[in-house]
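Labels below follow one simple rule: chain letters A, B, ... track the order of the sequence lines, proteins then strands, and each chain is numbered from 1.
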Amino acid sequence: MPVITLPDGSQRTYDQPVTVAQVAASIGSGLAKAALAGKVGGKLVDTSSTIAQDAALEIVTDKHPDALEVIRHSTAHLLAQATQALFPDAQVTIGPVIEDGFYYDFAYKRPFTPDDLAAIEAKMAELSKADLPVQRSEMPRDEAVTFFKAKGEHYKAEIIASIPAGETISLYGQGEWVDLCRGPHVPSTGKLKVFKLMKVAGAYWRGDSRNEMLQRVYGTAWTSEKDLKDYLTRLEEAEKRDHRKIGRELDLFHMQEEAPGAVFWHPKGWRVFQSLIAYMRDKQQAAGFDEVNGPELMDRSLWEASGHWEKFGENMFTTQTPDERVYAIKPMNCPGHVQIFRQGIRSYRDLPVRFAEFGKVHRYEPSGALHGLMRVRAFTQDDAHIFVTPDQITSESVAVTKLILDIYRDFGFDDVRIKFSDRPAKRVGSDEIWDRAEAALKAAADAAGIAYSLNPGEGAFYGPKLEFVLRDAIGRDWQCGTLQVDLNLPGRLGAHYIDEHSQKQTPVMLHRAIFGSLERFLGILIEHHSGRLPAWLAPTQVALLSITDRQDDYLRALSESLKNQGLRVETDLRNEKIGFKIREHTLQRVPYLLVAGDKEVAAGLVSVRTRNGKDLGQMTPQTFVERLGIELGSRGRRTLED
RNA sequence: GCUCACGUAGCUCAGUCGGUAGAGCACGUCCUUGGUAAGGACGAGGUCACCGGUUCGAUUCCGGUCGUGAGCUCCA
C-alpha cells in the first residue's frame, strides 16, 4: 500500500504497487501525456518503473530541471537507432549526455560525412514521428555479453564484460532496436522532437590515443524549439567574440605559417600586452617580488638535473650549436630562478626570496592542440618562484592566494573557482615528499579560507597545485592562475640556505602564475569583453574626430596635450564625414570619441560620445581628462557613463 | 600526434563539369568641407598555400607537404 508524496506535499495512497505512469494518470491525463520520467526519492527512473514502498515522487515533465538530462540521453539513443538503421554494420559504443547536448560514438569502416549526418537526422525525425514505445528489460551480465557478441556488437560486449559479474544489466528497446543502458529514458520516441546533429569528429575508443578511432556524432536536444534557437544564437554570439576574428579586426596581432603557434603582436596588441605587464609589475612589486630575468637557452644537463628532459623532453625545443652542445629553449622559468637563488650563500634570514619574471617560454605542443592565442608554442608567463622555509609555506601561500583573487577582481572576474590537483602518475620525488607537499598546500588553502574542489592526479610533475579558474562573460571557464608547492626541484638543482643552527637546508619553492600565459589571458579578455576592452586596457583610449579641416590645429594641440597626460590617443583628421568616422572608431571599440567642430573650437570644448553610442554632451578637455582619470583609476568600476 | 573538413585579392566570399579568375568591403587618386554608425567617380591589386604526378594544357583531377578549423589525445 504505497503512499506517494508529491512535491506540493500532497499524498496519495494506492492499493498496490504502481508505476510512475499510473500515478501521473491518476492525477490527470494531461500530466500522464507530459510525463517523461519520474524522480523517486531523488533518483531518476522510467515512467514504467514500479513503486512498491512509500516514496516521494516528482513527475518529470519538460518543465522539470532534469528533463533535459533524460531527453538528451534518449535522443542519443535515437541517434544510435537511426544510425544503425542506415548503416547496419556500424557498431554502437557509448552515448552520454554532455553540456548542451549529447554525443554517440560509433565504430564504422569509414568516417561519416556531413551528408550522412543529414540522412541520420532525417531518419531520427522519422523514428520520432513513429512514436515507438521505449521498453526496458533486464538480462544477467553474462547473458548480455553473449547477446551483444551475437549481434556483432563487440564494443558493447566489452563494456558489459567490464561490469562486475552477476550484476543484472538493463536493456532498452525501441522498435527493432535494442541497446544496453542504465536509463532512464522517455516512454516513447515521440517525446523527442527538438534536436539537431551538430558535427562529426574522431574520438579514441575509451579516450586512449593508442586505441582505434571511433566516429563521434555530436547533437543537441531541447524541450522547445525556442530553446534550440536560443542555443544556436548563443553559439553564433560566441563565434562573434572569437579573439582570432577580433584580433584581426582590431589589428592586434596575427599568426602565420612560418611560425606555427607563435604570435606576431601588432602595435595595438602590444600596447595592451604592455598594459598587462605594467599592471602586474606594480602589483607584484607592492607584494614584495623582485623581478629577474633568466637565459632563454640553457645546456641540456641543467634540464636533465631538473627532470624536465626526462618528463617533457619530447615537448622541448632544442638547438645544436657549432660547439657541439645541445641547448634547450626554456619551457619553464623555474630552473633559471633556482640558479639565481644559488648564487652566494642564502641565510634563513633572507627568506622568503620572491623572484618574478615575465619569462617567454617555448613548448612544442602537439600541432592539433594549437588554438589562436589560447594554446600556443611560445608564450610569456607572469611567473614567480618563492623560496621559503617549510614553516613559511602557509603564510606565503595565503598571501599569494589573496594577491591572485585581488588581481582577478581588477579585471572584473569575481567568479573564481579553485581546484586542488594532487600527485600525477608521471612525477619526480618520493611518496613521502609528496605527502608533505600535499599536506602543506592543503593547510595553506585552508588557512586562506578558500573553498576548492579536488582534481586528482592533475598536479605538476614536481608538486601539487592550486588552480584558479575564471568564469567569463558567457559562462566559460578558463584555468589561469596556479600556486604550486615544490619540494623536489630545489633539491635536484642544488638550492640551499643556512638555518638558525648553521645547518645547510633545502628551501621549499612555491611556483606561482596569475595571468598564466599573457597571450592566453589577453585572448580571454578579448572574448570576455567582446573586444570592448575597459578603457584602462584599451589600445586606443580616445579618438579625436574633426568635422572639417578648420578644426585640425585645435585637435592636433589637444592630442598633444592628452598624450602628455598619459592617454593613448588617435587623431582622425581625414576628409570624411563625421558619421563615417564615428562608425569606424566605434567598430574599432575605442572607448571615447571626442568630436570637435567650429562650435567646440570657439568655446574650447569637445563633444564626447562613447563606443556604446551614448552622447555625454560637451565638456572641457580638462573635465574629460579628470572624469576619465577616475575611470582608469577605478579599473573601469566607475565609468564616464555612470 | 590522430580523424574529418578547409586553404582563391588585405578581409569576407563567389567561380572554373581542365582552356592562367570575379564581387563587396578595405586600399590609391580625384570630387565633396559634410554635425554623431557607410557621400560620389575612377583606379590599382591575385604564382588560386607549397611540391610533385596525370594532361597539349592544372587554380580545377590525383598524391604528398605545410598551415588553419572542429573534435580526440596532450597541456610541466
Side-chain angles (χ1 to χ4, degrees), chain A residues 103 105 110-114 116-117 198-218 239 242 244-245 248-249 251 254-261 303 306-316 330-335 361 363-372 374-377 379 381 424 426-428 458-463 465 479 482 484 486 489 511 513 516-517 520 545-552 574-588 593-600 607-611 613-615:
Chain A
Y103 66 78
D105 284 348
R110 65 165 176 84
F112 291 126
T113 66
D116 294 336
L117 231 57
M198 303 299 289
K199 58 198 169 201
V200 59
Y204 299 111
W205 168 235
R206 295 190 173 230
D208 190 327
S209 59
R210 287 166 302 192
N211 288 343
E212 58 275 39
M213 189 159 270
L214 307 173
Q215 299 302 313
R216 175 170 299 178
V217 178
Y218 284 90
E239 210 171 298
D242 189 312
R244 293 165 298 191
K245 182 174 140 72
R248 189 167 47 238
E249 287 167 358
D251 195 18
H254 86 273
M255 300 171 97
Q256 65 185 48
E257 282 197 25
E258 291 82 352
W303 302 106
S306 70
H308 287 86
W309 195 268
E310 187 200 344
K311 302 291 173 195
F312 285 94
E314 295 284 287
N315 299 301
M316 284 162 72
K330 68 174 175 181
M332 292 185 79
N333 302 297
C334 28
V361 296
R363 299 176 180 180
Y364 185 78
E365 303 286 0
S367 58
L370 301 180
H371 181 89
M374 302 306 192
R375 188 79 181 269
V376 288
R377 284 179 176 161
F379 62 98
Q381 283 183 314
K426 201 171 166 184
R427 61 179 183 261
V428 295
E458 297 295 323
F461 74 79
Y462 46 73
K465 55 186 183 182
Q479 190 208 306
T482 177
Q484 308 166 1
D486 181 359
L489 291 189
H511 302 239
S517 146
R520 179 162 170 273
L545 317 182
S546 61
I547 304 284
T548 74
D549 52 15
R550 291 191 298 280
Q551 295 88 45
D552 287 6
R574 290 178 303 170
N575 175 16
E576 296 290 354
K577 291 195 174 182
I578 191 63
F580 181 81
K581 293 185 187 181
I582 297 269
R583 176 181 156 82
E584 286 214 330
H585 294 93
T586 301
L587 289 175
Q588 285 294 306
L593 311 185
L594 271 44
V595 179
D598 289 338
K599 283 179 272 179
E600 284 81 0
S607 287
V608 182
R609 181 188 160 109
T610 74
R611 61 184 162 194
K614 194 164 174 191
D615 182 0

(request) Classify every nucleotide of nucleotides 69-76 of chain B by which part a protein heavy atom approaches to under 4.0 Å, writing B for the base, S for the sugar-phosphate alone and - for neither, in 5'-to-3' order. (result) SSBBSBBB
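Spacing between atom CG of A/Leu117 and atom C1' of B/rA5 amounts to 13 Å, rounded to whole angstrom units. The nearest whole Å value for the distance from the CD atom in A/Gln551 to the P atom in B/rU36 is 14 Å. A/Leu587 has its CG atom 7 Å from the C1' atom of B/rA37, to the nearest Å. Between the P atom of B/rA37 and the CZ atom of A/Arg611 lies a distance of 17 Å, rounded to the nearest Å. Atom CG in A/Leu214 sits roughly 12 Å away from atom C1' in B/rC2 (whole-Å rounding). Between A/Glu249 atom CD and B/rC25 atom P the separation is 17 Å, expressed in whole Å. Atom NZ of A/Lys577 and atom C1' of B/rC31 are 12 Å apart (whole Å). To the nearest angstrom, P of B/rC11 lies 15 Å from CD of A/Gln588.
With C1' as the reference atom, B/rU73 and B/rG22 are 42 Å apart, rounded to whole Å. Comparing B/rC17 with B/rC11, their C1' atoms sit 30 Å apart, to the nearest whole Å. With P as the reference atom, B/rA38 and B/rC25 are 14 Å apart, rounded to whole Å. If you take atom P in B/rG43 and the same atom in B/rG1, they sit 48 Å apart, rounded to whole Å. When the P atom is compared between B/rA44 and B/rG7, the two are found 28 Å apart, to the nearest whole Å. Using P as the reference atom, B/rC6 and B/rC61 are 10 Å apart when rounded to the nearest Å. Comparing the C1' positions of B/rA21 and B/rC48 gives an interatomic distance of 8 Å, to the nearest angstrom. A gap of 13 Å separates the C1' atoms of B/rC62 and B/rG18, to the nearest Å.
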(request) Please report the C-alpha distance between A/Glu365 and A/Asn315 in whole Å, then the side-chain angles of each, then the deciding distance to 0.1 Å, and finally whether the side chain to side chain donor-acceptor pair (under 3.5 Å) criterion is met. (result) CA-CA 6 Å; A/Glu365 303 286 0; A/Asn315 299 301; over 6 Å; no
(message) Quick one, A/Gln484 with A/Asp486, criterion side chain to side chain contact (heavy atoms under 4.5 Å, CB included). Give me CA distance, side-chain angles, the key distance, then yes/no.
(response) CA-CA 6 Å; A/Gln484 308 166 1; A/Asp486 181 359; 5.7 Å; no
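A donor N or O paired with an acceptor N or O is found under 3.5 Å between the base of B/rU33 and the side-chain atoms of A/Asp549.
The shortest non-hydrogen separation linking A/Pro424 to A/Gly459 is CG-O, 3.3 Å. Scanning all heavy atoms of the two residues, the minimum distance from A/Val595 to A/Glu600 falls at O-CG, 3.8 Å.
Side-chain N/O atoms of A/Arg248 include one lying less than 4.0 angstrom from OP1 or OP2 on B/rU12. One finds a side-chain N or O of A/Ser367 lying less than 4.0 angstrom from the OP1 or OP2 phosphate oxygen of B/rG1.
Under the 3.5 Å distance criterion, the side-chain polar atoms of A/Gln588 are matched with a main-chain donor or acceptor of A/Glu249. Under the 3.5 Å distance criterion, the side-chain polar atoms of A/Glu584 are left unmatched by any main-chain donor or acceptor of A/Lys581.
Between A/Phe461 and A/Phe312, the ring planes are tilted. Angles from 30° to 60° get that label. Between A/His308 and A/Tyr462, the ring planes are tilted. Angles from 30° to 60° get that label.
For the pair A/Asp116/A/Arg110, a side-chain contact is recorded, criterion being any heavy-atom separation below 4.5 Å from C-beta on. A/Tyr103 is not listed as a side-chain neighbour of A/Met198, based on a closest heavy-atom distance of 4.5 Å or more.
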Any N/O pairs under 3.5 Å between the protein and nucleotides 44-50 of chain B? List them or say none.
none

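Nearest-nucleotide positions on RNA chain B place A/Phe112 closer to the 5' end than the other of A/Glu584 and A/Phe112. Nucleotides of RNA chain B nearest to A/Arg550 and A/Pro114 differ in position, and the one nearer the 5' end is that of A/Pro114.
With a cut-off of 3.5 Å on both pairing distances, the Watson-Crick and G-U wobble pairs of RNA chain B assemble into stems of 3 or more at B:1-7 with B:66-72, B:10-13 with B:22-25, B:27-31 with B:39-43, B:49-53 with B:61-65.
Ion pairing between a basic and an acidic side chain is recognised when a charged N comes within 4.0 Å of a carboxylate O; A/Arg206 and A/Asp208 show no such pairing.
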